[in-house]
Amino acid sequence: MNERIKKRKKVIAVLAIITFLLSISALWTYTTRWTVEKVEKIIKKETPLGSSKESVDALLTKYNFEFSSYVEALDSGNFDDKPNTLKGIAKGYISGFKKNVGWSLLIRWDIAVRFYFNEKGELIDHTVRKIGTAP
């Protein structure tokens with residue numbers, strides 16, 4: 001009987017430790033996750049309007065975004081409407097991605113950013129979007 005109680009206490013202790021570790025892991029994941037709002041806040045704080053292309057490159061590098069080099073053109077794709085609204089003002093852009101910021105049953109979520117620059121190489125606008133990718 002004594003041996004049975006000792007085993008049961010050990011099992012309960014192991015389950016308690018596992019539950020504790022899973023709770024800490026879930027809390028850490030929640031508090032460090034990337035969101036569109038978090039990226040917006042970082043951009044506004046660290047690369048305000050008027051920032052250079054080099055500042056944007058440094059920001060994207062610092063936060064481990066995958067990103068393109070500066071493209072001297074305006075993409076007329078479907079990323080956002082900025083090529084139309086900034087026509088004649090913007091001369092180029094830098095695009096970046098923070099991959100795997102969330103998952104659902106069939107979709108992997110990424111955060112995509114695009115920074116627009118004028119002819120002087122100054123940041124004039126940006127877009128941050130969450131994009132889903134299916135397998």
Side-chain angles (χ1 to χ4, degrees):
M1 181 79 91
N2 240 354
E3 194 64 34
R4 192 180 241 176
I5 292 173
K6 285 182 182 179
K7 269 188 177 178
R8 195 172 275 164
K9 284 183 178 182
K10 282 183 183 179
V11 169
I12 290 171
V14 168
L15 289 174
I17 289 170
I18 290 170
T19 302
F20 174 75
L21 293 174
L22 288 173
S23 298
I24 294 297
S25 174
L27 181 63
W28 180 82
T29 299
Y30 178 76
T31 58
T32 60
R33 69 188 172 107
W34 285 90
T35 63
V36 168
E37 294 78 18
K38 180 178 181 177
V39 174
E40 284 283 1
K41 192 179 289 187
I42 289 169
I43 290 170
K44 287 178 181 165
K45 180 180 178 189
E46 298 187 30
T47 54
L49 295 180
S51 295
S52 67
K53 292 180 272 189
E54 294 77 20
S55 296
V56 170
D57 281 353
L59 172 96
L60 295 170
T61 300
K62 176 180 177 181
Y63 291 102
N64 299 314
F65 276 73
E66 295 179 24
F67 63 97
S68 69
S69 57
Y70 177 73
V71 177
E72 194 165 312
L74 287 183
D75 182 9
S76 60
N78 62 356
F79 185 79
D80 59 22
D81 66 346
K82 300 289 172 71
N84 294 330
T85 60
L86 297 176
K87 195 173 190 172
I89 302 168
K91 297 298 179 193
Y93 65 91
I94 296 173
S95 290
F97 287 93
K98 185 70 156 171
K99 294 191 174 184
N100 298 316
V101 299
W103 304 268
S104 58
L105 188 60
L106 293 174
I107 300 174
R108 180 195 83 209
W109 293 98
D110 303 329
I111 292 179
V113 295
R114 187 169 286 176
F115 297 88
Y116 294 93
F117 299 89
N118 63 17
E119 70 281 346
K120 296 178 191 174
E122 300 167 331
L123 180 64
I124 57 171
D125 207 345
H126 72 274
T127 300
V128 181
R129 294 182 53 198
K130 193 171 183 181
I131 297 176
T133 305

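Scanning for salt bridge (charged side-chain N to carboxylate O under 4.0 Å, His left out) contacts around Lys99 gives Glu66, with sequence neighbours left out.
In terms of heavy-atom proximity, Asn64 sits nearest to Lys98 at O-NZ, 3.6 Å. A pairwise comparison of heavy atoms in Ser55 and Ser51 identifies CB-CB, 4.1 Å as the closest pair. The shortest heavy-atom contact between Thr47 and Leu123 is O-CD2, 3.2 Å. The shortest heavy-atom contact between Phe97 and Ala112 is CE2-CB, 3.5 Å. In terms of heavy-atom proximity, Ile42 sits nearest to Tyr63 at CG2-CE1, 3.5 Å.
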*Can Leu59 and Phe115 be said to form a side-chain contact (heavy atoms from CB on, under 4.5 Å), step by step?*
CA-CA 11 Å; Leu59 172 96; Phe115 297 88; 4.1 Å; yes
*Report the C-alpha separation of Ile107 and Thr133 in whole Å, then their side-chain angles, then the decisive distance to 0.1 Å, and conclude whether the side-chain contact (heavy atoms from CB on, under 4.5 Å) test is met.*
CA-CA 5 Å; Ile107 300 174; Thr133 305; 5.7 Å; no
*Would you check, one step at a time, whether the test side-chain contact (heavy atoms from CB on, under 4.5 Å) holds for Lys53 with Phe117?*
CA-CA 8 Å; Lys53 292 180 272 189; Phe117 299 89; 3.6 Å; yes
*asked:* Before you tell me yes or no, could you show the steps for Thr35 and Arg33 under side-chain contact (heavy atoms from CB on, under 4.5 Å), namely the whole-Å CA-CA distance, both residues' side-chain angles and the distance that decides it to 0.1 Å?
replied: CA-CA 6 Å; Thr35 63; Arg33 69 188 172 107; 3.5 Å; yes
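Here the side chains of Asp110 and Lys130 are not in contact, with every heavy-atom distance at 4.5 Å or above. Between Trp109 and Ile131 there is no side-chain heavy-atom pair separated by less than 4.5 Å. Between Val128 and His126 the shortest side-chain heavy-atom distance falls below 4.5 Å.
Separation of atoms CD1 (Ile43) and NZ (Lys38) is listed at 12.5 Å; rounding is to 0.5 Å. For the atom pair Ile111 CD1 and Arg129 CZ, the distance stands at 12.0 Å (nearest 0.5 Å). Taking OG1 from Thr61 and CD from Glu54, the interatomic distance works out to 11.5 Å, rounded to the nearest 0.5 Å.
Sorted by first and then second residue, the side chain to side chain donor-acceptor pair (under 3.5 Å) pairs with a member in residues 112-125 read Asp80-Tyr116, Lys82-Asp125, Ser95-Arg114, Asn118-Glu122; sequence neighbours excluded.
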